[in-house]
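Just so we're clear, the structure is a prediction, and the values are computed from it rather than from any experiment. All chains are named by letter (A, B, ...) in the order of the sequence lines, taking the proteins before the strands, and each is independently numbered beginning at 1.
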Amino acid sequence: MNVVVVESPAKAKTINKYLGSDYTVLASYGHVRDLPSKNGSVNPDEDFAMIWDMDTKSRQRVNDIAKALKGADKLILATDPDREGEAISWHVLDILREKGALKDKDVARVVFNAITKSAVTEAMENARDLDEDLVEAYLARRALDYLVGFTLSPVLWRKLPGSRSAGRVQSVALRLVCDRELEIEAFKSQEYWTIEADLRTAEDKAFRARLNAVDGKKLGKFDVPAEQDAKTIESAMKEGRYAVESVEAKPAKRNPAAPFTTSTLQQEASRKLGFSSARTMQIAQKLYEGINLDGETTGLITYMRTDGVQIANEAIAEARNVIQDDFGEPYVPGTPRVYKTKAKNAQEAHEAIRPTSLARRPKEVSRVLDDEQFKLYDLIWKRTLASQMESADFERTTVDVVTEGTDSKRFTLRATGQVVVFDGFLKLYQEGRDDDGDEEDGRRLPKMSKGETVGLVKLEPLQHFTEPPPRFTEATLIKRMEELGIGRPSTYTAILTTLRNREYVRMDKKRLIPEDKGRLVTAFLESFFERYVQYDFTANLEEQLDRISAGDLDWKKVLREFWHDFNGAVGETADLRITEVLDALNELLGPHVFPQNEDGSDPRACPNCDDGQLSLKVGKFGAFVGCSNYPECRFTRQFTQDNGEDAG
DNA sequence: CAGTGAGCGAGCTTCCGCTTGACTT
């Protein structure tokens, strides 16, 4: 008898089925130990000694493993093939040794690259020892996160009343939201015009073109800045004869998107189904754990917390069969598609999120799913199948039409069109778009040939204004965090919950809006702990962790160097008076707290007395704006001025 | 859900990442 330890109970069940009755497969349910949430769990003065603690549930689970080991010959640690998985194996092993549950037992570490019978069997034949270097990389990561969070948070409590917490991940996520808000506030909308023309071909077919060049020189976005300029061009163009100068058709190809990871599933479920990331994960968990299908609990999708985009060969083969059956030969590509992850810091311990069997078509399982489960399963099924389908072929056409104006200028108008020659994967699935994607020109242009005269139906100058960047949604923030390597699939939604619970951000119409509290915390960290909220801090840390994993760098050395600089920065804030903190925040948040008055008058002038200057203050209820002539002048106002923008 | 401003000291909060139930309504 052998005892196998994996992380998740659903996985334990599946693997037990593949391994048979000679094996007992038990789940650790994630990390079995952690640093207690109190001071002193990591001690930099004692060479970063760490104290570990087990909760009652974990203790029970480890007892179950120890009990199973009693009559067994071998312990097989089969936690996930990444840094955290290696750490879980190490924790389990360490505890079992302490309990004396391992005498005379063989111990082996095994990693599954996919949860299929062949992958599991093959992995069992390639056991290895625990990777101590990888465990040390984990220890460095864990200690650093604890030290940053449990040192920085108290600094905030003392220096910035009302603030709650800071950390390597949450503070950078918050910074993204706050920096975006500053961009929006600093944004000045700019006017520009385009000249559009409705035209007709010799065969009396309508199409629309836009002024693109004057005297052969391409128009820039702001080359027609005002109505007067547009009108001048319009009247010059109005009387001319219009002729086709060139017709150019080019083939284009579009490939399907990669199968879902946690991050892309959350984005797409938000765009297409309107689910919050928490909702998406709850539903996906249910599909993963299994649905009662004809009296048997069957997992419908693979593991949902993953950053991998590759899928098992068995699944690819099945996808190609389903494509062949449902869509026909032309939709099956010559060779299977292979996807590689682009995400920074990806660990790829799991496959992409896919149906456990592509032959289980959505409509066949719909009777056992509720509405939301069905929608999510349908989305995952389509995305996965489409990822193995043939590319779509287009023909993109560009037509230039020329006319000579009454001012002797030569005006070039351009029309573009796109025709689907072969729909490929688009027959099944097309990825949704975020806020500001370029508009896709799906129109078909009528037949035209070079030299042909076309008739002008209408000239239309159109006014436009540039738009500020949009606020983040949950999904777009998670996308950005993933690009920066901040947070992990298992923590994305937890981070958003933390930012809300701390009252650092609020949600309005699915957009993240920073609260004053959050902006103050960010401004404080940018002023005094700049290095630790830089967008690439985590990426640089990960590089060092990689070197620890490779055995090229000592983990304690990394911690010592980090602590030396970090503790120094903390020390520099020790004597900081609140007034000095406020001076720094006044500087950074000035444009937000004191926006330019429209009449050009001083935005910091006190409206209540002659020579008072307004500035930031903190009281026991948070930040507010007060007058420098206090207590003679008792003027105060709220930190944020309501622009009435929330009404729209 | 109104009122706030310094600084002291009591006593409270706090990190990230891995995994699910066992509580309530």
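- The structure places OH of A/Tyr504 at 10.0 Å from OG1 of A/Thr498, a figure rounded to the nearest 0.5 Å.
- Between A/Glu84 and A/Cys633, it is A/Cys633 whose nearest contact on DNA chain B lies nearer the 5' terminus.
- In this structure, A/Lys517 places its NZ atom 13 Å from C1' of B/dC1, rounding to the nearest Å.
- The existence of a salt bridge linking A/Glu84 and A/Arg488 is excluded, since no basic side-chain nitrogen approaches an acidic carboxylate oxygen closer than 4.0 Å.
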Inset, instruction - Treat primed atoms plus P, OP1 and OP2 as sugar-phosphate and everything else as base, then score nucleotides 11-16 of chain B 5' to 3': B for base contact with protein heavy atoms under 4.0 Å, S for sugar-phosphate contact only, - for none. - result: --BBBB

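- Shown are A/Val521, A/Leu525, A/Val533; of these, the side chain to side chain contact (heavy atoms under 4.5 Å, CB included) with A/Arg175 is made only by A/Val533.
- As rounded to whole Å, 18 Å separates atom P of B/dT19 from atom CZ of A/Arg33.
- Ring geometry for A/His350 versus A/Tyr303: interplanar angle of 30 to 60°, hence tilted.
- Per the geometry, CD belonging to A/Gln60 stands 16 Å off C1' belonging to B/dT19, to the nearest Å.
- For the pair A/Tyr492 OH and B/dT19 P, the interatomic distance rounds to 13 Å; values are reported in whole Å.
- For the side chain to side chain contact (heavy atoms under 4.5 Å, CB included) with A/Glu348, the qualifying choice from A/Thr261, A/Asp82, A/Asp307 is A/Asp307, the only one to do so.
- Remark: C1' of B/dG5 and CZ of A/Phe635 are 14 Å apart, rounded to the nearest angstrom.
- Aromatic ring pairs are classed by plane angle as parallel below 30°, tilted from 30° to 60° and perpendicular above 60°; the pair A/Trp52 and A/His91 is perpendicular.
- A/Ser89 and A/Thr79 share a side-chain donor-acceptor pair at under 3.5 Å.
- In DNA chain B, no run of at least 3 Watson-Crick or G-U pairs (N1-N3 plus N6-O4 or O6-N4, or N1-O2 plus O6-N3, all under 3.5 Å) shows up, so the stem list is empty.
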Measure all distances between protein nitrogen or oxygen atoms and nitrogen or oxygen atoms of nucleotides 6-8 of chain B, and list the pairs falling under 3.5 Å.
from, atom 1, to, atom 2, distance (Å)
B/dG7, OP1, A/Arg577, NH1, 2.4

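- Judged by distance alone, with hydrogens and angles left aside, the side-chain atoms of A/Thr636 form no donor-acceptor pair with the main-chain N or O of A/Val625 at under 3.5 Å.
- In this structure A/Leu589 satisfies the side chain to side chain contact (heavy atoms under 4.5 Å, CB included) test together with A/Arg519, A/Leu520, A/Ala523, A/Val593, A/Phe639, sequence neighbours excluded.
- Residues in residues 142-153 of chain A take part in these salt bridge (Lys or Arg N to Asp or Glu O under 4.0 Å) pairs, two or more places apart or across chains: A/Asp34-A/Arg142, A/Arg141-A/Asp145, A/Asp145-A/Arg168.
- Ion pair A/Arg109/A/Glu86 flagged as a salt bridge, since at least one NZ, NE, NH1 or NH2 atom sits closer than 4.0 Å to an Asp/Glu carboxylate oxygen.
- Using cut-offs of 30° and 60° on the angle between ring planes, the pair A/Trp563 and A/Phe566 is tilted.
- Here A/Glu483 pairs with A/Arg480 in a salt bridge; the nearest charged N to carboxylate O distance falls below 4.0 Å.
- One atom, CD of A/Glu86, and another, P of B/dC18, lie 14 Å apart when rounded to the nearest Å.
- Atom CD in A/Gln347 sits about 11 Å away from atom C1' in B/dG17, given to the nearest Å.
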Legend entry - Base versus backbone protein contacts along nucleotides 20-25 of chain B [heavy-atom cut-off under 4.0 Å; B, S, -]: SS----

